[in-house]
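A short write-up of the structure that comes next.
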Amino acid sequence: MVRIDFDAWRERIRRETLGNYHLRMGTAIEREGNATAALDAYRRAMAANPDSLTAHYRAYLLLNLLGHAEEAAAVDREARARRRDYQAECQDGMVRDLLESGQFEEARALADELLAADGSATRIRLSAEVEAAWGNHLENQRYTAESAEHFERALTIDPQQPHAHYWAGMRRFTAFDMAGAEPHLEQAVAGMPEHHWAACMLGFVWLVRDRLDEASRLIAQAAPCLVETQKPWAYGHLGLAAHMQGDAEAAAVGFHRAAALDPKEAWVFCYIGLGLLGQRRPAEAERMFRRSTTLDRNALLYRACLGLALVEQGRSEEGLRMVRDTAARETTFAMPILVQALAEDRQGNRDAALALCRKAANLQPQFIGYVIRLLVWEAERLKAIFRGIGFPL
């Protein structure tokens with residue numbers, strides 16, 4: 001049986017806590033411009049916790065600044081005895097402390113100074129990290145144009161900077177450019193395996209681009225690690241991937257888990273409805289689509305799907321009227337237009353179906369294959385219509 005030395009454990013915690021307290025006090029005082037008082041705090045930090053190399057480095061800098069060269073050299077020797085390259089680590093830490101406190105100008109100035117003195121790969125990555133953190137701050141403040149400049153500079157400094165790739169990917173993602181988003185999100189996920197939402201966004205790109213097995217694996221790995229508000233999206237899209245692969249049972253599990261986590265998400269019930277249509281259960285699907293339209297009255301997609309469910313039940317006049325009205329108002333997404341194309345083709349209106357597919361292909365060519373997979377039970381009919389207009393699938 002392993003014996004734990006609780007006295008030593010408590011002493012280490014006490015030493016680190018007290019040392020960190022004095023270190024934080026010192027940095028706050030130094031920021032106010034009182035170098036002498038800050039130095040006293042750093043000395044207390046070193047006395048409380050001799051292993052605090054950051055306190056040693058800050059004291060070393062201030063001692064030199066105040067003209068105490070011999071004491072500075074002694075502090076430096078003591079720290080180097082513990083870790084020879086401690087100064088570089090502490091310098092990086094100072095840059096990151098400035099970032100955490102929102103002092104982006106100061107962080108950039110220090111990072112640039114360090115890079116000028118040492119052009120190593122570590123310093124290059126740090127300089128790019130500063131730009132990415134600054135851009136991330138501006139992005140969260142909704143200063144989109146300003147943030148883009150920092151992300152671009154980050155990628156110029158370090159072409160592999162993961163945060164910058166994440167935002168570059170998300171810009172393309174929100175513009176529905178999945179092909180453009182994919183390489184950026186792949187770089188982001190490779191560089192930040194802990195960024196689970198980035199993994200989900202890449203998973204959705206793969207869903208659109210018909211990489212269903214890879215998408216499912218990636219989203220499934222990320223889902224348990226997401227914050228609670230993000231989990232419905234993950235489980236709903238795991239269900240969607242299963243639906244596209246023809247696994248109705250797994251699709252239902254994912255959809256209903258998402259609905260249980262957030263019963264106010266309109267899209268979840270739309271996905272459940274699509275799954276029910278795929279199982280030839282249009283009356284049940286109608287109830288799901290009506291629930292979606294109740295939760296979000298402005299989404300044309302849900303009304304289009306509701307109209308399709310009515311057509312599936314033989315209520316063609318009512319369903320067609322709803323589908324046609326919805327598709328006529330759609331200016332962004334291909335799916336409501338393809339739903340109408342499907343309904344028109346069933347009514348024998350082949351020319352109308354072909355014209356609608358041309359319209360959808362011009363509007364969102366990169367999403368045509370994705371929508372066909374969503375409407376999996378009618379995939380062959382839709383493929384035949386697109387072959388009729390010479391669209392490559």
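Throughout, numbering of the chain's residues begins at 1 and tracks the sequence. As a basis for the values below, the full set of heavy atoms in this structure was taken, side chains included, without hydrogen atoms, waters or symmetry mates.
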Practice item. For residues 378-393, pull every pair meeting side-chain hydrogen bond (donor to acceptor under 3.5 Å, both in side chains), keeping only residues two or more places apart or in separate chains. Key: D345-R381, R346-E378, E378-R381

Would you call [X] and [Y] a salt bridge, taking side-chain N to carboxylate O under 4.0 Å as the test?
| X | Y | value |
| --- | --- | --- |
| R217 | E214 | no |
| R209 | E186 | no |
| E330 | K359 | no |
| R43 | E71 | yes |
| D325 | R329 | yes |

Practice item. Check the pair H137, F104 against ring-ring contact (aromatic ring centres under 6.0 Å, His included), reporting the backbone distance first and the verdict last. Key: CA-CA 9 Å; H137 170 75; F104 299 105; 4.9 Å; yes

For the residue pair [X] and [Y], what are the closest heavy atoms and their distance?
| X | Y | result |
| --- | --- | --- |
| F386 | A361 | CE2-CB, 4.3 Å |
| P162 | Q187 | CB-O, 4.3 Å |
| A341 | C357 | CB-SG, 3.9 Å |
| A111 | V95 | N-CG2, 4.2 Å |
| M322 | L310 | CE-CD1, 4.3 Å |
| A181 | R172 | N-CB, 3.7 Å |

Hydrogens and angles aside, do [X] and [Y] bring a side-chain donor and acceptor to less than 3.5 Å of each other?
| X | Y | value |
| --- | --- | --- |
| H237 | Y271 | yes |
| S147 | R171 | yes |
| Q245 | D213 | yes |

Does [X], at its [atom1] atom, have more than 12 non-hydrogen atoms belonging to other residues, nucleotides or ligands within less than 6.0 Å?
| X | atom1 | value |
| --- | --- | --- |
| E194 | CD | yes |
| E318 | CD | yes |
| E70 | CD | no |

**Study point:** Verdict with supporting geometry, L375 and L277, side chain to side chain contact (heavy atoms under 4.5 Å, CB included)
**Key:** CA-CA 9 Å; L375 303 170; L277 283 182; 6.0 Å; no

Any side-chain heavy-atom pair from [X] and [Y] closer than 4.5 angstrom?
| X | Y | value |
| --- | --- | --- |
| I157 | I124 | yes |
| W134 | R153 | no |
| Q91 | Y57 | yes |
| R303 | P336 | no |
| P50 | R82 | yes |
| L63 | L39 | yes |

Review point. Taking the six-membered ring for Trp, is the centroid-to-centroid distance between Y166 and H195 below 6.0 Å?
Key: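 Distance test on ring centres: under 6.0 Å, yes.
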
Review point. Given the rule in the side chain to side chain contact (heavy atoms under 4.5 Å, CB included) test, do L363 and T332 qualify, once you have shown the distances and angles that lead to the verdict?
Key: CA-CA 7 Å; L363 187 64; T332 304; 5.7 Å; no

Review point. Hey, what's the ring geometry for H165 with H184, parallel, tilted or perpendicular (30° and 60° as the breaks)?
Key: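 Aromatic pair H165/H184 classed tilted.
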
Check your understanding: Hey, what's the ring geometry for W197 with W233, parallel, tilted or perpendicular (30° and 60° as the breaks)?
Key ->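 Rings of W197 and W233: perpendicular, as their planes differ by over 60°.
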
Revision key, fill the gap. Residues passing the salt bridge (charged side-chain N to carboxylate O under 4.0 Å, His left out) test with E149, sequence neighbours excluded, are none

Review point. Knowing that exactly one of R83, R84, R96 qualifies, which makes a salt bridge (Lys or Arg N to Asp or Glu O under 4.0 Å) with E89?
Key: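 Among the candidates, only R83 passes.
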
Check your understanding: Which residue, F204, F333, W206, forms the ring pair (Phe, Tyr, Trp, His ring centres under 6.0 Å) with Y370?
Key ->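 Only one of F204, F333, W206 forms a ring pair (Phe, Tyr, Trp, His ring centres under 6.0 Å) with Y370, namely F204.
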
Practice item. Give the C-alpha distance, both sets of side-chain angles, the deciding distance and a yes or no for side chain to side chain contact (heavy atoms under 4.5 Å, CB included) between Y21 and N49. Key: CA-CA 10 Å; Y21 167 78; N49 182 16; over 6 Å; no

